[in-house]
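So the structure is just underneath, and the comments pick up after that.
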Amino acid sequence: MNTIAGIDLGTTFSALARLNGIGRPEIVPNSEGERITPSAVYFEEEEAGAIRVGLEAVNCRQLNPERAVRWIKRHMGDQDWKKDIDGRDWTPQEISSLILKKIKQDGSIESAINDVVISVPAHFDEARRKATMDAGTLAGLNVIGIINEPVAAALYYATTQAVKGRVLVYDLGGGTFDVTILDIDGQQMDIICNQGDHALGGVDFDKKIIELLEDAYRQEHDAELIENEQDRAKYEDEAEDVKKTLSRRNSVRKILYGSAGSARVEITREQYEKAIEPLIARTEILIEVALEEAKSKVSDIQKVLLVGGSTRMPMVRQKLAEKFGFEPEVAVNVDECVALGAAIHAGLTRMRENPKKVAAGIAAGLKEVRLKDVCNHSYGTICAPVDEETGQHVIRNSIILQKNTPLPCEATQTFYTMADGQTELQVSITQGEDEDPDFVNKIATEVFELPADRPANQPIHVQYSYDANQRMHCRFLDEGSGRTLEVEFCAGQGGQMTKTEIQQVAEELDSVKVQ
Ligand code: AMP
């Protein structure tokens, strides 16, 4: 039987967990014996074709930052981002696939890792979700599903602790922030809503430390500390160390070496907290938005669960304690709980789709676990209704499935053709909350062919459904002729890379060796 596994593909670190014989998730260490692997890639200069992933890549980066990539998750889904290495352009999916390849390779020593669930930030849009799944496929993995990171953490939390009540998950990682509100009753979890920011995390706190170091150096020498990419790579790593030390101590002393000479500097926690205050305030605003979406007050929240390495900062814990009136929960390992929860989700997905392939011990271990997730975004279509005041058609985005609707869900709306003799309809499937089509993502466009010689105002029924595996089905029905157009996609089909392209690149990457 296939190993059932979950992968946390993080901005700074990634982790792999698999289900043991009784359905409990366990972290699978990498080949260096570490439980988490830095999400860093380095293309060797001297050894043609050699690619290092993990700690070695982080260490090599200072030698030649041009040949290194860190924090690739920040670029996931960005079609314009490329890394040129020896004349080959690497996309974010391809770089991420190298990290996943190393995780698969290291984790497959005891038994092959193949079927996986990969976690993504809750607020990742369809393009970013698809890019993540493509990365898995390119790494030779069978991605059976994806799960939102805070939901994965909550799954692990609820299956290991006795919890009852409304819980807020505060997930501040290396590059992203998510807040999720859910109800937990034993092993039953009902997600209520998700909010987040895909560009707010540890990397931003590191930048603040770099600014403090640069200011201190300027004061001492009236000169710049960082003059090239090599300096930047060095101080990015040092800044992360300083930041982590400030979580334990009130101040850190450092000797900085720049072209104008050395400088002995001290950074205090107070200075640092002042510098990051606006970033932490952004997380507090998103908590407010989530509470509003959940129609909850602060006093309705019974527990706050911390997830992600950046929640080790005392300021985060203190602000949350002040806001909620109790200490946040630190019962689960903030670095590992997402991968562990993703493995549980992989087990639940396998049981739902192919129960015969799940070993009896695993099935027994997971039989009480129930997860009710919600739609991460609103999904709609672009239409042109007549404005009542002007009598003119106006182009607008009409939402069919509302954000935060419990899954599985389904909704139908009826639209009408605009012109006499109209023989086709441009169909757009959108993702986003706005009525203005310029402020939503078009995640698919298709042409629906209609019969000729008919007057305007023919009804077209548009039905969207979204299942528990985050698979969406859209059906356009022309009432008059009975013709239908069906568009099916899970977060992993349609969009940037076609199936053929994925297959071609996967074949090319198959021969690439990561170490
Ligand atoms: P994650 O994506 O959850 O693995 O979180 C990684 C982020 O957590 C990185 O930016 C780390 O620098 C940060 N981090 C880890 N430990 C600490 C710490 N003790 N204090 C502050 N930040 C930390």
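If you're wondering where the values come from, they're calculated on a predicted model, not measured in any experiment. Just follow the structure's listing: the first ligand is 1, and inside any ligand the first atom is 1.
Ranked by closest heavy atom to atom 13 (C) of ligand 1, the top entry among Lys73, Glu149, Arg312, Lys243 is Lys243. Among Met313, Met315, Glu240, Glu336, the residue whose heavy atom sits closest to atom 11 (C) of ligand 1 is Glu240. The option from Pro314, Gly309, Gly308 that lies nearest to atom 8 (O) of ligand 1, judged by heavy atoms, is Gly309.
Remark: ligand 1 atoms within the under-4.0 Å shell around heavy atoms of Gly202 are 10 (O). Short contacts between ligand 1 and Ser247, defined as distances under 4.0 Å to a heavy atom of the residue, involve ligand atoms 18 (C), 19 (N), 20 (N), 21 (C). Against a heavy-atom cut-off of under 4.0 Å, Phe13 is close to the following atoms of ligand 1: 4 (O).
Considering backbone and side-chain N/O atoms, Thr11 never comes within less than 3.5 Å of an N/O atom of ligand 1. For a threshold of 3.5 Å applied to N or O pairs, the pair formed by Ser310 and ligand 1 contains at least one separation below that value. Residue Gly174 places at least one N or O, backbone or side chain, under 3.5 Å from an N or O of ligand 1.
Here the two rings, on Phe177 and Tyr170, have centers that are under 6.0 Å apart.
Heavy atoms from other residues, nucleotides or ligands lying under 6.0 Å from CD of Glu288 number more than 12. Summarising the local packing, OH of Tyr257 is surrounded by 12 or fewer heavy atoms from other residues, nucleotides or ligands at distances under 6.0 Å.
For atom 9 (C) of ligand 1, the nearest protein heavy atom (residue, atom name, distance) is Thr12 OG1, 3.6 Å.
Taking CZ of Arg269 as the reference point, atom CG of Leu246 lies at 7.0 Å (rounded to 0.5 Å). Distance NZ/Lys208 to CD1/Ile267: 13.5 Å, rounded to 0.5 Å.
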#### Entry: Asn114/Lys104 under side chain to side chain contact (heavy atoms under 4.5 Å, CB included): CA gap, chis, key distance, verdict
CA-CA 8 Å; Asn114 204 24; Lys104 173 180 160 81; 3.8 Å; yes
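Annotation: side chain of Asp197 is in contact with side chain of Arg282 (closest heavy-atom distance under 4.5 Å).
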